[in-house]
Amino acid sequence: MSKDFAIKCIFLYQDLTEKGREYILSRQMVRSGTSIGANVREALRGQSRADFNAKLFIALKEASETEYWLELLMETGYITEEKGNELLDDCAQLICLLRSITKTTIENSFDRQ
């Protein structure tokens with residue numbers, strides 16, 4: 001899911017920059033949008049439970065940041081409401097999933113103590 005979202009962010013970035021319309025916001029969006037999946041992958045290969053948790057929290061923060069950049073791109077008219085809402089929905093699903101996982105891992109950490 002996070003990799004598919006990253007690919008959508010890359011395509012949006014290419015579209016915005018190739019048309020010469022926007023470079024700054026879209027660059028921030030593609031950096032944070034692709035970072036989500038990278039941090040999830042790192043978490044899955046974490047060396048410890050603490051490492052796993054830390055990487056997932058970073059992925060959650062990156063997803064939240066991506067949501068912000070997408071909102072700005074949409075509200076400034078660089079992307080259509082339709083395209084923006086599609087990507088915001090995907091981003092919201094990632095945020096919900098990452099929140100759930102991080103909450104569960106925290107609860108499980110306390111249960112083991």
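What you are looking at is a predicted structure, and each value in this text was computed from that prediction instead of being measured.
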Nearest 0.5 Å please: distance from the [atom1] atom of [X] over to the [atom2] atom of [Y].
{"X": "Lys19", "Y": "Asp15", "atom1": "NZ", "atom2": "CG", "value": "4.0 Å"}
{"X": "Ser48", "Y": "Phe52", "atom1": "OG", "atom2": "CZ", "value": "11.0 Å"}
{"X": "Ser2", "Y": "Asp90", "atom1": "OG", "atom2": "CG", "value": "11.5 Å"}
{"X": "Ile58", "Y": "Thr102", "atom1": "CD1", "atom2": "OG1", "value": "12.5 Å"}
{"X": "Glu67", "Y": "Asp89", "atom1": "CD", "atom2": "CG", "value": "10.0 Å"}
{"X": "Met29", "Y": "Ile10", "atom1": "CE", "atom2": "CD1", "value": "9.5 Å"}

query: Do Phe5 and Leu87 touch side chain to side chain, with heavy atoms closer than 4.5 Å?
result: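 Result yes, sub-4.5 Å side-chain heavy-atom pair found.
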field: Non-hydrogen side-chain atoms of Ser26 and Leu12 separated by less than 4.5 Å
entry: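 No; the side chains remain at least 4.5 Å from each other.
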query: At their closest point, which heavy atom of Thr17 faces which heavy atom of Glu22, and how far apart are they?
result: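 Nearest pair, atom of Thr17 first, then Glu22: CG2-O, 3.4 Å.
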Shortest non-hydrogen contact between Ser32 and Thr66, atoms and distance: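 So the two residues come closest at OG-OG1, 2.8 Å.
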- request: Answer yes or no: is there an ion pair linking Asp4 with Lys8, defined by an N-O contact shorter than 4.0 Å?
  value: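 Salt bridge flag = no for Lys8 with Asp4.
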message: Tell me every residue that passes side chain to side chain donor-acceptor pair (under 3.5 Å) with Glu65, counting only those two or more places apart in sequence or in another chain.
response: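 Testing Glu65 for side chain to side chain donor-acceptor pair (under 3.5 Å), a comparison that skips the adjacent residues, returns Trp69.
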Please tabulate, for side-chain N and O atoms in residues 33-41, each donor-acceptor pair with protein atoms closer than 3.5 Å (sequence neighbours left out).
from	atom 1	to	atom 2	distance (Å)
Thr34	OG1	Val30	O	2.7
Thr34	OG1	Arg31	O	3.3
Ser35	OG	Asn39	ND2	3.0
Asn39	ND2	Ser35	O	2.9

- request: Output yes when a side-chain donor or acceptor of Asp51 lies under 3.5 Å from a complementary backbone atom of Gln47, and no otherwise.
  value: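 Yes: the side chain of Asp51 pairs with the backbone of Gln47.
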- prompt: In the single-linkage hydrophobic clustering (I, L, V, M, F, W, Y; side-chain heavy atoms under 4.5 Å), do Met1 and Ile95 co-cluster?
  reply: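 Yes.
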field: Cluster overlap Leu98 with Tyr68, hydrophobic side-chain contacts below 4.5 Å
entry: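 Yes; Tyr68 is reachable from Leu98 via cluster members.
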query: Is atom CG of Leu44 surrounded by more than 12 heavy atoms (other residues, nucleotides or ligands) closer than 6.0 Å?
result: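 Yes, enclosed.
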Donor-acceptor pairs under 3.5 angstrom involving side-chain atoms of residues 70-84: please list them, not counting sequence neighbours.
from	atom 1	to	atom 2	distance (Å)
Thr76	OG1	Leu72	O	2.6
Thr76	OG1	Leu73	O	3.4
Thr80	OG1	Lys83	N	3.0

